[in-house]
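Quick note: residue numbers are just sequence positions, from 1.
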Amino acid sequence: MNDMTMDRAYRPAGLARGEVLGAPVPRIDGPAKVSGTATYAYEGAEPGIAYAAIVGAPVGSGRVTAIDAAAAEALPGVLAVIHGDPRMVTGGSNSQAQSHSDTDRIFHYGQPVAIVVAEDQAVAREAATLVVVATEAGDGRFDSTAQPVQRDPDIGFLKPVEIGDVDAALAAAPVVLDRSYTTPVHFPAALEPHASTVAWADGKLLVRTSNQVIGGARRTIAKALGLAAEDVRVLAPFVGGGFGGKTGVGPEVILAAIAAERVGRPVKIALPRAQTAYLVHHRSATTQRVRIGATADGRITAFAHEGLAAQNDDASFLEPIPFGSLPLYAGEARRFRTDLVRVDLPATGAVRAPGEAIGTFAVECAMDELAETLGLDPVELRRRNEPEVDPVSGKRFSTRRMLDCYDEGARAFGWAERRKRREGDWLIGHGMAAALRGNFTVKAEARVTLAGDGRAIVACDMTDIGTGTYTILAQTVAEMLGLPIAAVEVQIGDSDLPASAGSGGSFGAGSACSAAVLACEDILAALALRMNAAPEDLLLHDGAVTAGGRSVALVDLLDGAAIVATGKTGPGAETQATSQASHGAHFVEVAVHAVTGEVRVRRMLGVFDVGRVLNAKTAANQLIGGMVWGLSYALGEAAVVDVRNGHFVNPDFAEYHVAVNADVPRIDVRFIEEIDDSANPVGAKGVGELGISGAGAAVANAIHDACGVRVRDFPVTLDKLLAGLPDV
């Protein structure tokens, strides 16, 4: 095994050609998806399949006093109604215990209290409505703004940061900006439902599920059911989006496994949209205060980003609101913290770009307001406060091309030529914002087999949630071994394969592809021995291996025998010695209707520094998706809690307004590429969560530029604009 942690900067010689890796190769899994042959978690027709539906708690807090399942059990086609099984307590979706069906305490509305199993899905769901759950309702804490604040809570991974005397620096600053911003609850809202098909055989459990990190899922499921990890196999070859909501194991998976055991048949389950809101973690609503002290020429002397987020009693995740702010701008005195309120609502958890996605709303709007106060161009203000080293840790940046992102973005957008103007009843404005997403390399393994016929197979338990994992793994191996893409088979989405990173935190691509690179290095070393040459002297191309003026057909060199190698990577000393992040800049043009307040985003441009671009097409696709989500956050997305009872008022797509095609303008994505040798062997930094960071703030800043109304309570809906619109 080629086991290499990032103890030093490293660039594999095998990636020097750059012929395949980085190219905009179409997704190799695309034909299966568009033809319908790709099988998702809820699909397939197993013999004897049964279907399950969950019964949720009818109140938001209190206790269950009795469950009457007689009417449900009498319905034709119902196989079982299950409740009270102690294994129904399960950790899931980033919470410690989302489901408490073996206790009588109700933690939130919709909490699973029973599961119905039937011959078909319609019967199961109808029967679930017939189960009578008697309760003793409690006084729920549903209004997060009315709960006591816990200062510096001992949960979450981001601890408070205090550098220098922030209060004194603010008092002494010639210019001080002090603003508060709020963001609402956000749902992950993936296209594919949270679904699973489970089956038992000889005491072992097979789970086909929609999950982003199946290695972790295997361990969670095994622990919940009292099994050894090797007795659980998790399959997720195709996942229709996750956005953080599928990083954990939801209670529906454990409940389906219990149901399958009870009825002795395979069981399918899929959460309806309205139920997804309660059984899948969401992003917390936040209140954020940003204070910036600056000199008259715009040099930041003090920076404070303080937030408040909500969580229920059972979960340990806390939205890391200032995570993206930590290394973003210079300034000696610094304060970053997130406080907590406890509520009786479903768990909050990691949704795409936790911290940065909403923290940048506040910080990047505050920077825009500071630029206006100082009479400075917003780009110039950011340029003047670009740090030379990480302003919190003092570490050197591995790579940081933020200034180039500003410059290229401003040039391509025509920022210097922008002007506020009016086109009939439409007011035209422009805005920009910085983007930052921390970069992580995590432990990952991959196995590469170079078969005797010259074809290669790369295998690991990674998932492809629409990000292009199949394609970039194929490109990586093809680049290293001099093969065409068609000669590389990719096997992923099976927990029995080598343990990889999973899809989450924007670390999957760099980590998994790096493991594949290291495996290929061992294969190259084996081929070099047969050629009596050094690995770096090999040239693999067009089915031949060349070194020292000698060329041998690859299949002849293999002589019918496969070469199998495993690569393993992870963080190391170089990881600890450097500050690593992906960077970018957003530029937006909007039109605001002077009479109705309607907002139309006309164009968006993003320029990004993501290290090595593994596939120009799939990377751009990921960034465009993030920018669309930022637009969606800015203009529409908001889950509303009924503070009287803990219900979500709008738990489905009819009322939870995500951006649709008609809302999305032309989006231009560009790269400032610099391979980051400190990040991981493949030199790539995170992409998936970068595009959303700052995008919404750029939209909000453009709206203010267009009509003069500054909205600090997101999203920017018509009612918040109407009163302040200029007279027509």
Do [X] and [Y] have a side chain donor and acceptor closer than 3.5 Å?
{"X": "S678", "Y": "E574", "result": "yes"}
{"X": "T463", "Y": "S503", "result": "yes"}
{"X": "Q580", "Y": "D676", "result": "no"}
{"X": "K395", "Y": "T578", "result": "no"}

Between [atom1] on residue [X] and [atom2] on residue [Y], distance to nearest 0.5 Å:
{"X": "K443", "Y": "T5", "atom1": "NZ", "atom2": "OG1", "result": "10.0 Å"}
{"X": "Y470", "Y": "I28", "atom1": "OH", "atom2": "CD1", "result": "8.5 Å"}
{"X": "N680", "Y": "Y10", "atom1": "CG", "atom2": "OH", "result": "12.0 Å"}
{"X": "L15", "Y": "E521", "atom1": "CG", "atom2": "CD", "result": "8.0 Å"}
{"X": "T471", "Y": "I485", "atom1": "OG1", "atom2": "CD1", "result": "7.5 Å"}
{"X": "L450", "Y": "D522", "atom1": "CG", "atom2": "CG", "result": "12.5 Å"}

Test side chain to side chain contact (heavy atoms under 4.5 Å, CB included) on D404 and E408; report intermediate values, then the result. CA-CA 6 Å; D404 295 313; E408 173 60 17; 5.9 Å; no

How about [X] and [Y]: do any of their side-chain heavy atoms sit closer than 4.5 Å?
{"X": "H281", "Y": "V351", "value": "yes"}
{"X": "M480", "Y": "V477", "value": "no"}
{"X": "L540", "Y": "L527", "value": "yes"}
{"X": "V601", "Y": "D663", "value": "no"}
{"X": "L473", "Y": "C460", "value": "yes"}
{"X": "F323", "Y": "P354", "value": "no"}
{"X": "K246", "Y": "I465", "value": "no"}

Kindly say whether [Y] contributes a backbone atom to a donor-acceptor pair with the side chain of [X] at under 3.5 angstrom?
{"X": "E673", "Y": "V613", "result": "yes"}
{"X": "T569", "Y": "S511", "result": "no"}
{"X": "D7", "Y": "A573", "result": "yes"}
{"X": "Q212", "Y": "G244", "result": "yes"}
{"X": "S514", "Y": "V682", "result": "yes"}
{"X": "E479", "Y": "V20", "result": "yes"}
{"X": "R437", "Y": "G584", "result": "no"}
{"X": "D464", "Y": "T467", "result": "yes"}
{"X": "D231", "Y": "K204", "result": "no"}
{"X": "T360", "Y": "G694", "result": "yes"}

Distance-minimising heavy-atom pair for A357 and S693: N-OG, 4.2 Å

Taking all non-hydrogen atoms of both residues into account, name the closest pair between V664 and A659 and its distance. CG2-CB, 4.4 Å

Around atom CZ of R530, are there more than 12 heavy atoms from other residues, nucleotides or ligands closer than 6.0 Å? yes

So that I can tick it off, tell me whether [Y] and [X] are bridged by a salt bridge, with the cut-off set at under 4.0 angstrom between side-chain N and carboxylate O.
{"X": "R11", "Y": "D677", "answer": "yes"}
{"X": "R208", "Y": "E46", "answer": "yes"}
{"X": "D668", "Y": "R670", "answer": "yes"}

Could you walk me through whether R27 and N621 pass the side-chain hydrogen bond (donor to acceptor under 3.5 Å, both in side chains) check? CA-CA 11 Å; R27 296 169 189 263; N621 176 260; 2.9 Å; yes

With sequence neighbours excluded, what pairs up with [X] under the side-chain hydrogen bond (donor to acceptor under 3.5 Å, both in side chains) test?
{"X": "D609", "answer": "H583, K685"}
{"X": "E386", "answer": "R400"}
{"X": "R8", "answer": "none"}

Worked verdict on L614 versus Q475 for side chain to side chain contact (heavy atoms under 4.5 Å, CB included): CA-CA 8 Å; L614 300 177; Q475 286 178 270; 5.9 Å; no

Could you walk me through whether R233 and D496 satisfy the salt bridge (Lys or Arg N to Asp or Glu O under 4.0 Å) test, starting with their C-alpha distance in whole Å, then the side-chain angles of each, then the deciding distance to 0.1 Å, before giving a yes or no? CA-CA 7 Å; R233 185 180 183 189; D496 281 354; 3.3 Å; yes

Pair Y42, E192 - check side chain to side chain contact (heavy atoms under 4.5 Å, CB included), show working. CA-CA 9 Å; Y42 194 72; E192 182 195 13; 5.9 Å; no

Test log, rule side chain to side chain contact (heavy atoms under 4.5 Å, CB included), inputs L524 and L481: CA-CA 7 Å; L524 291 173; L481 300 182; 4.1 Å; yes

Less than 6.0 Å separating the ring centroids of Y633 and H186? yes

Check: H586 ring centroid to F608 ring centroid under 6.0 Å: yes

Would R283 count as a cation-pi partner of F243, with NZ or CZ less than 6.0 Å from the six-membered ring centre and within 45° of the ring normal? no

Among V213, V232, N211, which one satisfies side chain to side chain contact (heavy atoms under 4.5 Å, CB included) with R218? V232

Before you tell me yes or no, could you show the steps for T399 and E674 under side-chain hydrogen bond (donor to acceptor under 3.5 Å, both in side chains), namely the whole-Å CA-CA distance, both residues' side-chain angles and the distance that decides it to 0.1 Å? CA-CA 7 Å; T399 60; E674 178 181 350; 5.1 Å; no

